[in-house]
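Below: the structure, in structure tokens.
What you are looking at is a predicted structure, and each value in this text was computed from that prediction instead of being measured.
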Amino acid sequence: MVTLSVYLDGPFWVGVLEVAEGGRLRATRFTLGSEPTDPELHAFLMRHGVSLLEQAHAAQGRRERRRELAEHKREVARRKRLERRRDR
């Protein structure tokens, strides 16, 4: 399921495109500028919808890579602590 939310954030109108599939939620945020009309939103999505969906999917991949990297760093740190204890 894909949803689009448009809201005012400070001086700008912002859109958030959310994609929910396979138990995962992916999203991308974009700035629209002035308050868009429905026809303007439709035209915007027709021009940029595919790239926004790709950005949402890529964001999930980046999040997973960051999580894996953090887990790897924790494991390396844990192993170093164990090695230091053995060396004492």
Side-chain angles (χ1 to χ4, degrees):
M1 178 167 74
V2 178
T3 59
L4 172 66
S5 302
V6 178
Y7 60 93
L8 186 62
D9 186 10
F12 301 107
W13 285 85
V14 172
V16 176
L17 186 72
E18 297 175 319
V19 181
E21 63 183 7
R24 291 188 170 183
L25 177 65
R26 298 174 174 109
T28 188
R29 181 180 185 272
F30 53 94
T31 303
L32 293 163
S34 61
E35 182 176 9
T37 63
D38 287 345
E40 289 172 335
L41 275 176
H42 181 265
F44 180 85
L45 289 174
M46 293 305 291
R47 277 192 312 270
H48 304 287
V50 172
S51 64
L52 290 171
L53 289 170
E54 289 171 349
Q55 287 175 12
H57 284 283
Q60 180 65 30
R62 285 190 301 270
R63 234 177 274 120
E64 288 173 359
R65 283 192 297 276
R66 280 195 303 263
R67 202 174 299 128
E68 289 171 1
L69 181 59
E71 187 177 311
H72 175 72
K73 286 180 179 181
R74 282 192 297 273
E75 180 63 22
V76 168
R78 186 186 70 80
R79 287 181 184 180
K80 285 183 180 179
R81 283 193 307 272
L82 289 174
E83 287 176 12
R84 276 189 248 132
R85 287 179 187 163
R86 283 188 219 136
D87 291 342
R88 288 181 188 176

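- When atom types are taken as modelled, the side chain of Glu40 and the backbone of Thr37 share a donor-acceptor pair closer than 3.5 angstrom.
- Of the inter-residue distances, the one linking Leu17 atom CG with Gln55 atom CD reads 9.5 Å to the nearest 0.5 angstrom.
- When hydrophobic clusters are built by joining Ile, Leu, Val, Met, Phe, Trp and Tyr residues whose side-chain heavy atoms come closer than 4.5 Å, directly or via intermediates, Val6 is not grouped with Phe12.
- Side-chain contact between Glu21 and Arg26 is present, with at least one heavy-atom pair separated by less than 4.5 Å.
- Other residues, nucleotides and ligands contribute more than 12 heavy atoms inside 6.0 Å of the CZ atom of Phe30.
- Under the salt bridge (Lys or Arg N to Asp or Glu O under 4.0 Å) criterion, the residue pairs touching residues 74-83 are Glu75-Arg78, Glu75-Arg79, with sequence neighbours excluded.
- Summarising the local packing, NE2 of His48 is surrounded by more than 12 heavy atoms from other residues, nucleotides or ligands at distances under 6.0 Å.
- Partners of Ser5 by side chain to side chain contact (heavy atoms under 4.5 Å, CB included), not counting sequence neighbours: none found.
- Residues forming a side chain to side chain contact (heavy atoms under 4.5 Å, CB included) with Val14 (at least two apart in sequence, or on another chain): Tyr7, Asp9, Arg29.
- Counting heavy atoms from C-beta on, the side chains of Phe44 and Pro36 never come closer than 4.5 Å.
- Counting heavy atoms from C-beta on, the side chains of Val16 and Thr28 never come closer than 4.5 Å.
- Proximity of Leu25 to Val19: side-chain heavy atoms (C-beta onward) are nowhere separated by under 4.5 Å.
- Residue Glu18 holds its CD atom at 13.0 Å from CG of Leu52, rounded to the nearest 0.5 Å.
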